[in-house]
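Naming convention: chains lettered A, B, ... in sequence-line order (proteins, then strands); numbering from 1 in each chain.
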Amino acid sequence: MIRVRFAPSPTGPIHLGNARTALFNWLFARHNGGVFILRIEDTDVTRSDPRYTQLIMDDLRWLGMDWQEGPDAGGPYGPYVQSQRLSTYQDFAEKLLEEGKAYPCYCTQSELEERRKAALARGRPPRYDNRCRNLSEAEKKALESQGRRPSLRFLIPPGEKLAFEDMIRGRCEFNLSVLGDFVIMKADGTPSFHMAVVVDDALMRITHVIRGEDHLSNTPLHILLFEALGFPRPHYAHLPMIAGEEGDPLSKRAGAFSIQDYKGWGYLPEALVNYMLLLGWSPGQKQEKLTLAEAVERFDVRHVSKSPAHFDPKKLDWLAEKYLRQADSERLIELIVPLLPEEAKKVERPRLKALVEAVRPGLANLSQVVKESEWFFKEPVLDEGQITALSSDKPRAVLAQVLEALEGQEESFIKEYNKFIKQLAEKGGLAPKEVMMPLRLALTGSTHGPELVAVISLLGHEGCKRRLKKLLTQIGQLNKNEINLLKET
RNA sequence: GCCCCCAUCGUCUAGUGGCCCAGGAUGCCAGGUUCUCAGCCUGGAGACUGGGGUUCAAAUCCCCAUGGGGGUACCA
């Protein structure tokens with residue numbers, strides 16, 4: 001049985017990079033009929049916050065991923081939160097200590113830091129010099145009597161090279177001689193990251209570790225630990241990093257790219273997921289828009305790219321537009337009402353639906369939909385240039401005639417609108433554009449937007465009259481006919 | 001400094017020695033359709049980082065250089 005895990009640390013909201021790692025793990029599990037496990041790595045007490053654990057789970061669910069074992073789901077190898085597994089790590093650390101595979105190190109952090117700096121200054125590798133490896137019992141006692149609390153270091157076994165087969169990169173080889181003994185238990189009794197991952201991956205029977213490339217150089221340490229502990233090593237796959245537009249690392253700008261942000265901007269989760277799919281993996285064929293189910297069927301880690309991908313917001317938007325355009329309107333309304341002005345709550349459902357459907361083409365997210373819907377809720381305020389444009393003879397006559405026509409008609413006249421515009425243009429010897437553009441501008445305050453028919457039917461008979469009247473009044477200098485017209489109502 | 005990984009159009013990628021004077025998608029430009037925007041249709045510009053090998057043949061294999069990324073923590 002294939003078992004994979006996503007193991008975030010709850011030190012902040014997850015961003016695109018993390019989410020993509022989760023997604024590829026999930027896909028791998030699904031494709032192979034395996035188990036996807038969520039594990040929370042909160043061994044860094046100072047930086048972890050349980051609020052983020054909740055947020056991470058919310059984000060994953062929002063994106064459409066589920067897990068068979070995890071903090072909330074439970075499972076046979078729990079608990080799935082590292083801070084609740086402390087004694088387990090201690091037991092294994094004890095074992096390593098007894099077997100001589102680890103030893104206490106009494107160096108303080110400031111001493112280590114100092115030596116690191118000094119080494120660097122002399123052009124020497126800044127790694128730990130293994131000086132506590134061979135301390136006698138008497139020396140240990142002496143150090144302890146100074147009040148020093150030891151950390152526990154793993155003793156790198158002598159050997160030249162260590163190699164492993166990465167599912168994405170193929171054979172990766174490392175030189176063990178450049179490694180310093182590394183900490184597996186901190187002085188406060190909590191495990192280091194290396195210790196915790198290896199113990200957990202082993203105990204949770206993880207068969208495939210799929211993680212970011214930033215862990216590639218940790219892998220030899222982990223393999224060493226698996227061997228020392230007597231566990232079989234899992235298979236590894238290291239995913240390429242995702243860089244920002246400028247090629248900067250994504251994680252350092254986590255805030256700007258968190259899943260929460262995209263959710264907040266009103267991107268549809270399926271669009272985001274689809275875009276993440278394309279970051280480092282290609283579904284093949286010509287089709288790039290695909291559902292999670294299709295991705296599950298086609299996904300293969302071995303075909304994931306080795307080189308880092310740049311995040312391209314334009315391509316995200318291209319996909320997001322497609323998804324927004326085809327999304328169920330009822331669902332969209334649920335999502336968008338809280339974002340719209342108060343008045344929206346008073347608008348009848350069908351009208352709201354028509355609004356969203358008219359406005360959504362070309363837009364990538366709900367914030368844009370809200371913005372492009374402004375004209376519907378608020379009467380337009382024209383700028384000077386626009387007013388001047390509408391004040392010249394032709395547009396003014398058009399607007400007045402439209403008003404006049406509307407005045408004599410019932411609500412249902414809206415249905416006749418297309419014919420009416422055509423007739424109006426014909427009578428006045430105008431191009432359709434010369435009728436429609438002024439109308440559009442007068443009605444919405446903008447030269448672009450949904451098709452005019454939709455605008456008019458959305459605004460309704462009374463709405464159109466009100467706006468036209470207001471505008472004509474504003475333009476002023478009306479002839480007698482027009483004034484009479486205005487007086488009538 | 002040292003170690004590791006990577007390198008095809010602006011971007012995401014296809015390409016696992018001949019099918020590649022390199023294909024697709026996106027973006028960009030031009031034209032068409034259209035009241036506008038979007039869409040759709042048609043067309044266009046746009047890449048194998050460089051240098052050495054290996055081979056009858058290299059984007060594909062090897063070496064070097066260059067560039068990018070990651071690591072080098074009692075962070076994960």
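The stretch residues 16-27 of chain A does not touch RNA chain B, since none of its heavy atoms comes less than 4.0 Å from the strand. Contacts between residues 308-326 of chain A and RNA chain B, defined by a heavy-atom separation below 4.0 Å, involve Pro308(A), Ala309(A), His310(A), Asp312(A), Lys314(A), Lys315(A), Trp318(A), Arg325(A), listed by number. Of the residues in residues 355-383 of chain A, Pro361(A), Gly362(A) come within less than 4.0 Å of RNA chain B through at least one heavy atom, sorted by number.
Aromatic pair Phe164(A)/Tyr236(A): centroids less than 6.0 angstrom apart. Between Phe24(A) and His31(A), a ring centre-to-centre spacing not shorter than 6.0 Å is recorded.
Base pairing annotation: A57(B) forms no Watson-Crick or G-U wobble pair, as no partner gives both donor-acceptor distances under 3.5 Å. Pairing of A45(B), defined by two Watson-Crick or G-U wobble distances under 3.5 Å, is not identified with any nucleotide. For U36(B), there is no paired base (Watson-Crick or G-U wobble, both distances below 3.5 Å). G27(B): no Watson-Crick or G-U partner with both key distances under 3.5 Å is found in any strand. Summarising the base pairing, A14(B) is matched to no nucleotide, lacking a Watson-Crick or G-U wobble pair whose two defining distances lie under 3.5 Å. Here U72(B) sits opposite G1(B) as a Watson-Crick or G-U wobble pair (both hydrogen-bonding atom distances under 3.5 Å).
Judged as a side-chain contact (heavy atoms from CB on, under 4.5 Å), and not counting sequence neighbours, the contacts of Ala119(A) are Arg124(A). With sequence neighbours excluded, the residues forming a side-chain contact (heavy atoms from CB on, under 4.5 Å) with Leu292(A) are Leu23(A), Trp26(A), Leu27(A), Val273(A), listed by chain and number. Looking at residues two or more places apart in sequence or on another chain, you find a side-chain contact (heavy atoms from CB on, under 4.5 Å) between Leu203(A) and Arg85(A), Thr88(A), Phe92(A), Val199(A), Phe231(A). With sequence neighbours left out, Asp181(A) forms a side-chain contact (heavy atoms from CB on, under 4.5 Å) with Tyr103(A), Tyr128(A), Asn130(A), Arg133(A), Arg153(A), Leu155(A), Ile156(A).
Between A22(B) and G15(B), the distance separating the two C1' atoms is 8 Å to the nearest Å. Distance check on atom P: U11(B) versus G27(B) gives 16 Å, rounded to whole Å. When the P atom is used for both U60(B) and C4(B), the distance is 23 Å, rounded to whole Å. G18(B) sits 49 Å from U34(B) when the C1' atoms are compared, rounded to a whole Å. Nucleotides A76(B) and C6(B) have their C1' atoms positioned 23 Å apart, rounded to a whole Å. As rounded to the nearest Å, C48(B) and U33(B) have P atoms that lie 37 Å from one another. When the P atom is compared between G68(B) and U26(B), the two are found 31 Å apart, to the nearest whole Å. Between the C1' atoms of G46(B) and A25(B), the separation comes to 14 Å (whole Å).
Phe299(A) has its CZ atom 13 Å from the P atom of U13(B), to the nearest Å. For the pair Glu213(A) CD and C5(B) P, the computed distance is 10 Å after rounding to whole Å. In this structure, Leu441(A) atom CG and U36(B) atom P are separated by 14 Å, rounded to whole Å. Nucleotide C3(B) holds its C1' atom 15 Å from the CZ atom of Phe182(A), rounded to whole Å. To the nearest angstrom, C1' of C5(B) lies 15 Å from CG of Asn175(A). Taking atom NZ of Lys306(A) as the reference point, atom P of U8(B) lies 12 Å away to the nearest angstrom. Residue Glu434(A) contributes atom CD, which lies 13 Å from atom P of U36(B) at whole-angstrom precision. In this structure, Ile242(A) atom CD1 and U11(B) atom P are separated by 16 Å, rounded to whole Å.
With respect to the salt-bridge test (charged N to carboxylate O, under 4.0 angstrom), the residues Glu41(A) and Arg5(A) do not qualify. In this structure, Arg115(A) pairs ionically with Glu111(A), as a charged nitrogen and a carboxylate oxygen lie closer than 4.0 Å.
Applying the side-chain hydrogen bond (donor to acceptor under 3.5 Å, both in side chains) rule to pairs touching residues 433-454 of chain A yields Lys394(A)-Glu434(A), sequence neighbours excluded. For residues 155-167 of chain A, every residue pair satisfying the side-chain hydrogen bond (donor to acceptor under 3.5 Å, both in side chains) rule, not counting sequence neighbours, is listed here: Asp166(A)-His238(A). For the salt bridge (charged side-chain N to carboxylate O under 4.0 Å, His left out) condition, the pairs that include at least one residue of residues 306-317 of chain A, sequence neighbours left out, are Glu288(A)-Lys315(A).
Heavy atoms of Gly212(A) sit nowhere under 4.0 angstrom from any nucleic acid atom. If you check every strand for non-hydrogen atoms under 4.0 Å, Gly449(A) touches a base. As judged by a 4.0 angstrom heavy-atom cut-off over every strand, Leu452(A) is placed among the base-contacting residues.
A donor N or O paired with an acceptor N or O is found under 3.5 Å between the base of C35(B) and the side-chain atoms of Arg440(A).
Checking Lys186(A) against Gln109(A) by side-chain atom types alone, no donor-acceptor pair falls below 3.5 Å. Asp42(A) and Tyr52(A) share no donor-acceptor pair across their side chains, judged by distance under 3.5 Å alone. For the residue pair Thr291(A) and Glu294(A), a side-chain donor N or O sits within less than 3.5 Å of a side-chain acceptor on the partner. Between the side chains of Glu144(A) and Tyr106(A), a donor-acceptor pair is found at a separation under 3.5 Å.
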Legend entry - Base versus backbone protein contacts along nucleotides 71-76 of chain B [heavy-atom cut-off under 4.0 Å; B, S, -]: S-SBBB
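Tyr267(A) and Tyr262(A) have perpendicular rings, their planes meeting at more than 60° on a 0 to 90° scale where under 30° would count as parallel. Ring geometry, Phe182(A) versus His194(A): the interplanar angle exceeds 60°, so the pair is classed perpendicular (tilted spans 30 to 60°).
Mapping Leu279(A) and Glu288(A) onto RNA chain B via the closest heavy atom, the residue that lands nearer the 5' end is Leu279(A).
Heavy atoms of other residues, nucleotides or ligands lying less than 6.0 angstrom from CD of Glu114(A) number 12 at most.
A cation-pi contact, defined as under 6.0 Å to the ring centre and within 45° of the axis, is absent between Lys289(A) and Tyr275(A).
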Mind listing the N/O atom pairs, protein and nucleotides 58-60 of chain B, below 3.5 Å?
none

